[in-house]
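Every heavy atom of this structure was used, including side-chain atoms; hydrogens, water molecules and symmetry mates were not.
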Amino acid sequence: MTLSNTPIAVITGGSRGLGRNTALHLARKGVDVVLTYRSGREDAESAMAEIEALGRRAAILQLDTGETATFGGFAEALKSVLAEGWQRETFDFLVNNAGHGVYKPFAEITEAEFDGLTNVHVKGVFFLTQTLLPMIADGGHIVNISSGLARFALPGFSAYAAMKGAIEVLTRYQARELGERGIRVNTVAPGAIETGFGGGMVRDNAEMNAHIAAATAMGRVGQPDDIGGAISSLLTGDFGWLTAQRIEVSGGQNL
């Protein structure tokens, strides 16, 4: 067997949206990718085909990041994929991207909705990273996805933003404790982006789109390439001394 020296990234929720865009940017920069999907296998297979068309290796695995009881089985499946596809026991980059949003006033958020957000955005990120930690190569890099909403407040996002605030604190603690292995941990916080997230509210609501553009220094709403390009550059560029940082990629929204 020949040990692969190609960097490998694991991206949760990589079958669509910002995760998929990040995967394609990484592939163009010479990184192989393992994508996870929750239910959209067809989207995942399409993303895998795009990555392979760029000359990189790819694999897909099913994962619900809100179900911590499944993480052990997922880790075993990932071990098999790494061994069969790359003759490796480790991977280099983890992007904790999977997530969903709830857009409701603070007074109307239900406990079930709050728990659903917690399970995916906080508990899931915490324990999935913990489960995969033995498989992350020394000198690797973890990127946790936050949101501009953790810095500025917009009505209707209190629960979602609270989760992202927790992730930003967790990132600093992970960076402190994993630094002895040379593992860097940073947060990327996108601003408003034209994707299907939240039912496509930014992409499809012209009034909201225009309102956000007017409040953004760069004069427009973000595109998926703005985020995928930033994350891939952070992972593959000369950022070996950068850790425990919150990097907002918002075009200067709500300054």
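Looking at residues two or more places apart in sequence or on another chain, you find a side chain to side chain donor-acceptor pair (under 3.5 Å) between N209 and E194. By the salt bridge (charged side-chain N to carboxylate O under 4.0 Å, His left out) test, E76 is found to be paired with K79, residues two or more places apart in sequence or in another chain being considered. With sequence neighbours excluded, the residues that form a side chain to side chain donor-acceptor pair (under 3.5 Å) with R184 are H141.
Ion pairing between E248 and R151 holds under the 4.0 Å rule for side-chain N and carboxylate O. The pair R56-D32 counts as a salt bridge, with a side-chain nitrogen and a carboxylate oxygen less than 4.0 angstrom apart. E168 has no carboxylate O lying under 4.0 Å from a charged side-chain N of K164, or vice versa, which leaves the two without a salt bridge.
Put simply, CZ on F127 and OG1 on T65 are 14.0 Å apart, with the number rounded to the nearest 0.5 Å. Atom OG of S147 and atom CD1 of I167 lie 12.0 Å apart (nearest 0.5 Å). Distance check, rounded to the nearest 0.5 Å: CZ of R181 to CD of E177 gives 12.5 Å. Here the NZ atom belonging to K29 is positioned 4.5 Å from the OG1 atom belonging to T236, to the nearest 0.5 angstrom.
Nearest heavy-atom pair, A137 versus T90, reported as atom, atom and distance to 0.1 Å: CB-OG1, 3.9 Å. Nearest heavy-atom pair across N97 and G13 is ND2-O, 3.0 Å. In plain terms, the two heavy atoms of V120 and G66 that are nearest each other are CG2-CA, 3.8 Å. Scanning all heavy atoms of the two residues, the minimum distance from A150 to G165 falls at CB-N, 4.2 Å. Taking both residues in full, the closest heavy atoms of I51 and A58 are given as CG2-CB, 3.7 Å, listed atom of the first, atom of the second, then distance. Taking all atoms of both residues into account, the shortest heavy-atom contact from F93 to L235 is CZ-O, 3.4 Å.
Note: the hydrophobic cluster containing L61 also contains F91 (ILVMFWY, side chain heavy atoms under 4.5 Å, direct or indirect links). In the hydrophobic clustering of ILVMFWY residues, with side-chain heavy atoms under 4.5 Å counting as a link, L63 and I11 come out apart. Hydrophobic clustering (side-chain heavy atoms under 4.5 Å, transitive across Ile, Leu, Val, Met, Phe, Trp, Tyr) groups W86 together with V10. Following chains of ILVMFWY side-chain contacts shorter than 4.5 Å, one can reach V95 starting from I193, so the two form part of one hydrophobic cluster. There is a path of hydrophobic side-chain contacts, each under 4.5 Å, that joins L78 to L94.
Residues in residues 214-238 take part in these salt bridge (charged side-chain N to carboxylate O under 4.0 Å, His left out) pairs, two or more places apart or across chains: R220-D226. Identified under the ring-ring contact (aromatic ring centres under 6.0 Å, His included) test for residues 33-85, with sequence neighbours left out: none. Screening residues 99-122 for salt bridge (charged side-chain N to carboxylate O under 4.0 Å, His left out) gives K104-E113 as the qualifying pairs, with residues at least two apart or on separate chains.
Q62 places a side-chain N or O within donor-acceptor distance of the main-chain N or O of R38, the cut-off being under 3.5 Å.
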After noting the C-alpha distance and the side-chain angles of S46 and R20, does the key distance pass the side-chain hydrogen bond (donor to acceptor under 3.5 Å, both in side chains) rule?
CA-CA 10 Å; S46 171; R20 181 176 185 143; 2.7 Å; yes
Run R203 and T195 through side chain to side chain contact (heavy atoms under 4.5 Å, CB included) and show every step you take.
CA-CA 6 Å; R203 180 191 62 200; T195 68; 5.5 Å; no
Evaluation steps, side chain to side chain contact (heavy atoms under 4.5 Å, CB included), between Q174 and L170
CA-CA 6 Å; Q174 288 175 328; L170 175 62; 3.8 Å; yes
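The one candidate from T171, T12, T129 that meets the side chain to side chain donor-acceptor pair (under 3.5 Å) condition with N96 is T129. Here the options are L242, I142, I231, N144, the test is side chain to side chain contact (heavy atoms under 4.5 Å, CB included), and the partner is N186; only L242 passes. For the side chain to side chain contact (heavy atoms under 4.5 Å, CB included) with R88, the qualifying choice from T6, I8, V81 is I8, the only one to do so.
Considering only heavy atoms from C-beta on, V188 comes within 4.5 Å of V249 through its side chain.
Ring geometry for H121 against H100 counts as tilted: the plane angle lies between 30° and 60°, on a 0 to 90° scale.
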